[in-house]
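This report refers to the structure that appears directly beneath it.
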Amino acid sequence: MTDTKPAKKGIWGRARAMAEMAPPERNRYVDFLRALSILAVVVGHWLVAAPYIDESGAVVGGNLLGIIPWTQGLTWVFQVMPLFFLVGGFSNGVSWSANTRNNGTYSHWFSSRFRRLIYPVLPLFAIWTGIAMFGTVMGIERGIVAMAAQLALIPVWFLSVYIMVTAVVPLSHAAWKRWGMGSFFALVLGAVAVDLLTYQFGVPYLKYTNFALVWLAVHQLGYAWGEGHFAKPAKALAWGASGLIALLGLVFIGPYPVAMIGVPGNDITNSMPPTIALLALGIMQTGFALALEPQARKMLDNIRIWTSVVLINGMIMSVYLWHLTAFVLVLVAAWMLGGVGLGVEPGTAMWWLARPVWFVLYIALTLPLVMLFARYEQAGENPKGMGKGDVPRWRLFLGLILACIGLASTAVLSIATPEGVLGVRFWIVVLPFIGGALVRFGKLYDWTAKRAA
């Protein structure tokens, strides 16, 4: 008897099937830039974070940018979070416009996007809580446990900012529809004013408002892209050149450092919070990237290349969240084996020659982690137990605030603490879980109807 059961497709086969189903009007370059930006972040993190064991036998959390100053210029290539916000603006603009045309609600639209962003983070928090507790109980030096946990959780702070930017899409998109590029330039002027008041007049705390102003400005460029503002390559190229000129002036004439991420010892960091130098980088990257769009879209007509992009996008959050866990676990294994390979000082010829070997090890551990946890990227689309109706706005707002506080706190504090028996700051850990739970369910019960019955 012939077996009519279809053969199971491998991961490439499933990605190929999804790639072939993509509608012809889809802008594949959006997915390409998203994949490219995340892969650049991964490579950048694996290069910049350079722990080693010094002559005294102590573990030192080395930073390549501080050890070799010339590498700071590489951040103009590897600091690609502006591209991620650009792509986010394009995607959010398309999605919100479709939601509006279909008379969808804000709660339904945002709760779906929030779940897709927060659910993949929860296993990462849970596992690193367990690792931190185990390390503390086993008597590992608490400073090393804290360093490992904070390094592994570096990616999550960015999500708190991106979630907040996504939350105000109805307002930012309405501003775009009403004022067009004026909405972008207003945010640019606001960011310039903040930096001027901060670095020229010493106004405290004001600089943190640039988390909103800078990233919202780049996000507005995504709306512009979606509506054809950069359709002519010459225009996009002019924007890229303008951003480059502004960046060169801000760095070599102004007070801003070359590095587009924080470097130990620098008085100013361009990323925490973002400065107008990082905004200039975002304009430069936007212009140059979109100037290449016509050629890139022709390239993406190749089904193999397009399938590769679809494959990466299908697990993109997992790659982003787990690549530093793989990095840390490889280093911990080397440390437990007597510090093999960790005695080489970062930046030396031997250190550079060893990078391919280390990268192979990072990739070898990242891949199984991604395959294991990628399923959580789909968990937010249709969670089990989801009730009918929208999530009440008060729960949506409270869940958003609690989750973002928990995610952002990891940038300042490690979940591991030098105090307590278990050595974990549980208040940081539980906030994203509470936030995700508040937004998980819709209106499971219509209490008014139940009482009337």
For the side chain of [X] and the backbone of [Y], is there at least one donor-acceptor N/O pair under 3.5 Å apart?
X: Arg425; Y: Ile415; value: no
X: Thr75; Y: Met260; value: yes
X: Gln79; Y: Ile261; value: no
X: Trp215; Y: Met81; value: no
X: Asn63; Y: Ala49; value: no
X: Ser97; Y: Val94; value: no
X: Arg115; Y: Val439; value: yes
X: Asn302; Y: Ile305; value: yes
X: Asn210; Y: Ile276; value: no
X: Ser112; Y: Trp109; value: no

Nearest 0.5 angstrom please: [X] [atom1] to [Y] [atom2], how far?
X: Leu342; Y: Leu331; atom1: CG; atom2: CG; value: 6.0 Å
X: Leu402; Y: Ile118; atom1: CG; atom2: CD1; value: 10.5 Å
X: Leu64; Y: Thr71; atom1: CG; atom2: OG1; value: 4.0 Å
X: Leu250; Y: Asp195; atom1: CG; atom2: CG; value: 8.5 Å
X: Ile316; Y: Ser37; atom1: CD1; atom2: OG; value: 6.0 Å
X: Gln72; Y: Trp70; atom1: CD; atom2: CH2; value: 11.0 Å

Can you name the salt bridge (Lys or Arg N to Asp or Glu O under 4.0 Å) partners of Arg34, sequence neighbours left out?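 Scan of Arg34 (salt bridge (Lys or Arg N to Asp or Glu O under 4.0 Å), adjacent residues dropped) gives Asp31.
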So does [X] have more than 12 non-hydrogen atoms from other groups sitting under 6.0 Å from [atom1]?
X: Met272; atom1: CE; value: yes
X: Arg297; atom1: CZ; value: yes
X: Met181; atom1: CE; value: yes
X: Tyr208; atom1: OH; value: no

Side chains of [X] and [Y], donor plus acceptor under 3.5 Å:
X: Asn92; Y: His173; result: no
X: Glu227; Y: Trp176; result: yes
X: Thr366; Y: Trp322; result: no
X: Arg113; Y: Ser95; result: yes
X: Gln285; Y: Trp76; result: no

Kindly give the heavy-atom pair with the smallest separation between [X] and [Y], and that separation in Å.
X: Ala132; Y: Thr136; answer: O-OG1, 2.8 Å
X: Ala35; Y: Asn313; answer: CB-ND2, 3.7 Å
X: Gln220; Y: Ser183; answer: NE2-OG, 2.8 Å
X: Ala191; Y: Leu279; answer: CB-CD2, 4.3 Å
X: Pro346; Y: Ile67; answer: O-CG2, 3.5 Å
X: Ala334; Y: Trp358; answer: CB-CH2, 3.9 Å

Heavy-atom check, side chain of [X] versus side chain of [Y], under 4.5 Å:
X: Val328; Y: Val332; value: yes
X: Ile38; Y: Ile312; value: no
X: Ile428; Y: Thr410; value: yes
X: Trp96; Y: Asn99; value: yes
X: Val30; Y: Leu33; value: no
X: Leu321; Y: Phe125; value: no
X: Leu281; Y: Leu278; value: yes
X: Phe78; Y: Val41; value: no

Geometric cation-pi criterion, Arg355 with Trp351: 6.0 Å, 45°: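 Yes - Arg355 lies over the ring of Trp351, closer than 6.0 Å to its centre and within 45° of its axis.
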Using 30° and 60° as the class limits, which term best fits the ring planes of Tyr29 and Phe32: parallel, tilted or perpendicular?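 Rings of Tyr29 and Phe32: parallel, as their planes differ by under 30°.
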Relative to each other, are the rings of Tyr199 and Tyr256 parallel, tilted or perpendicular (30° and 60° limits)?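 Geometry flag for Tyr256 against Tyr199: perpendicular rings.
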Passing option when Trp239 is tested against Trp225, Phe288, Phe184 for ring pair (Phe, Tyr, Trp, His ring centres under 6.0 Å):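 Among the candidates, only Phe184 passes.
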Just list the side-chain donor-acceptor pairs under 3.5 Å for residues 144-172, sequence neighbours left out, or say none.
unit_1 : atom_1 : unit_2 : atom_2 : d
Trp157 : NE1    : Ile154 : O      : 3.4
Ser160 : OG     : Trp157 : O      : 2.5
Thr166 : OG1    : Tyr162 : O      : 2.8
Ser172 : OG     : Val168 : O      : 3.4
Ser172 : OG     : Val169 : O      : 3.3
Ser172 : OG     : Tyr223 : OH     : 2.8

Phe327/Tyr362 aromatic ring centres below 6.0 Å: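 Yes, close enough.
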Run the numbers on Thr307 and Val310 for side-chain contact (heavy atoms from CB on, under 4.5 Å), then give the verdict. CA-CA 5 Å; Thr307 299; Val310 171; 5.5 Å; no
Test log, rule side-chain contact (heavy atoms from CB on, under 4.5 Å), inputs Val87 and Phe84: CA-CA 5 Å; Val87 168; Phe84 199 84; 5.9 Å; no
Walk me through it: do Glu377 and Met315 pass the test side-chain contact (heavy atoms from CB on, under 4.5 Å)? CA-CA 7 Å; Glu377 296 195 42; Met315 55 184 70; 4.0 Å; yes
With sequence neighbours left out, what residues match Thr286 under side-chain contact (heavy atoms from CB on, under 4.5 Å)?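 Leu86, Leu221, Phe230, Leu290.
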Check the pair Val357, Val360 against side-chain contact (heavy atoms from CB on, under 4.5 Å), reporting the backbone distance first and the verdict last. CA-CA 5 Å; Val357 176; Val360 167; 5.8 Å; no
